[in-house]
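Along the sequence shown, the residues carry numbers beginning at 1. In this text the structure is predicted, and so the values were computed from the model without any measurement. First listed ligand is number 1; within each ligand, the first listed atom is number 1.
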Amino acid sequence: MKIVYYAPEGRPEPWLEELAKHLPQAQLRVWTEADQQAADYAVVWKPPLPLLRLPGLKAAFNLGAGVDGILQHGAQLPPGLPIVRLDDAGMGEQMVEYASWAVLAYFRRFDDYARQQQQAQWRFLKPYPKREFTVGILGMGVLGRQIAAGLRQFGFPVNGWSRSRKDIEGVQCFAGDDELDGFLRASRVLVCILPLTAATTGILNRANLEKLPAGAFVINIARGPHLVEDDLLALVQNGHIAGATLDVAQQEPLPASHPFWREPRITITPHVAAVTLRPISIEQIAGKIRMLERGEPIAGVVDRSLGY
Ligand code: NAP
Ligand code: GLV
């Protein structure tokens, strides 16, 4: 069995070593531009199109949950090639940590106290009532559901929005475009954990953000193009949005000249909300390769018509 590996950043050797541990019989190689040799499987992050068109490819395993870096090739992708997403692989726990940190920073006013510290101010701020601090989660998939469960443990009222209707204990579930307005109007904190698709690009735009209650907070841990950055900035500056925590940006790395860096009510992290953990991710991918070799169905195959 031949497996090609590609990622635009980072050293490939530790990934190949991990693959070799789980699939000792496989011939492993790092893909380079000139490589047109046959392969059975590809293990990739943001792969160039020619890699996905290698002869003999039976499946492409994405080294992340979001497959936008593969589906951006659109109709040029080989039609029958299964694209397989990472299925949690330790990301849910990281997302719960990140979302809890960001929500608690707003709710407990740690963000305000950090700004006060810059001015050497020792001043009590009135706490927010928790029952008025509903967290609305855009995307109730593998990661969104775990974030919802994590925030419920702190006692926050939690709402969720997804394409198909869900029934999740303790979470008020909204579904489809018709219910988006009601969901937004109820969200004191909005967490975006949607996949990036044609339907979700730009969903965090001025019209939608204005539907949030005055003083709402925005957390984007999904993809930069979900957010219309100028719209958010204008709403933070006019006070409708009280603050935002952004793990992703339209252009990554966020350019040094970007106004987000200088807006004290916006917190930036460098796309680290949930990173790909090598041992657990490769174990998952290797397990699925073995299942495919045995002719068994696997979970996590992307529906290209939906884009996730
Ligand atoms: P997932 O399991 O595919 O879940 C996606 C959720 O979004 C589902 O609930 C789906 O609804 C909903 N959805 C999709 N399109 C929609 C639409 N048009 N309207 C309403 N709801 C829609 O994905 P996941 O594993 O939770 O990951 C979500 C995204 O997080 C990834 O695609 C990736 O971009 C991002 N991510 C970011 C980081 C980071 O570090 N910043 C790390 C990992 C992942 P249904 O349930 O009805 O299908
Ligand atoms: C990271 O951004 C992922 O999609 O896994």
Would you say [X] has any N or O atom under 3.5 Å from an N or O of ligand 1, going by distance alone?
X      : result
Arg85  : yes
Leu196 : no
Met91  : no
Ile221 : yes
Val67  : no
Met140 : yes
Thr200 : no

With sequence neighbours excluded, residues passing side chain to side chain donor-acceptor pair (under 3.5 Å) with Glu252: His271
For residues 188-198, dump all side-chain donor-acceptor pairs below 3.5 Å to protein atoms at least two apart in sequence or in another chain.
from   : atom 1 : to     : atom 2 : distance (Å)
Arg188 : NE     : Gly215 : O      : 3.2
Thr197 : OG1    : Ala199 : N      : 3.2
Thr197 : OG1    : Thr200 : N      : 3.3
Thr197 : OG1    : Thr200 : OG1    : 3.4

Pair Glu229-His258, side-chain donor/acceptor within less than 3.5 Å: yes
Tell me whether [X] is salt-bridged to [Y], with the criterion being a basic N under 4.0 Å from an acidic carboxylate O.
X      : Y      : answer
Glu179 : Arg165 : yes
Glu293 : Arg290 : no
Lys46  : Glu9   : no

Sub-4.0 Å heavy-atom environment of ligand 2, residues by chain: Trp45, Gly64, Ala65, Gly66, Met91, Arg223, His271
Mind listing the side-chain donor-acceptor pairs of residues 130-139 below 3.5 Å, one per line with the distance, residues two or more places apart or on another chain?
from   : atom 1 : to     : atom 2 : distance (Å)
Lys130 : NZ     : Phe154 : O      : 2.4

Residue His271 vicinity, atoms of ligand 1 by number, heavy atom under 4.0 Å: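 That gives atoms 39 (C), 40 (O), 41 (N) of ligand 1.
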Best match, Leu194, Asn220, Asp247, Val142: closest heavy atom to atom 2 (O) of ligand 1: Val142
Option whose closest heavy atom lies nearest to atom 21 (N) of ligand 1, chosen from Arg145, Arg163, Lys166, His226: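 Checking each option, the heavy atom nearest atom 21 (N) of ligand 1 is found in Arg163.
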Joint hydrophobic cluster, Leu81 plus Val4, side-chain heavy atoms closer than 4.5 Å: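 Yes, Leu81 connects to Val4 through the hydrophobic network.
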Any Thr197 heavy atom less than 4.0 Å to ligand 1: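 Contact check Thr197 vs ligand 1: negative.
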Any Met95 heavy atom less than 4.0 Å from ligand 1: yes
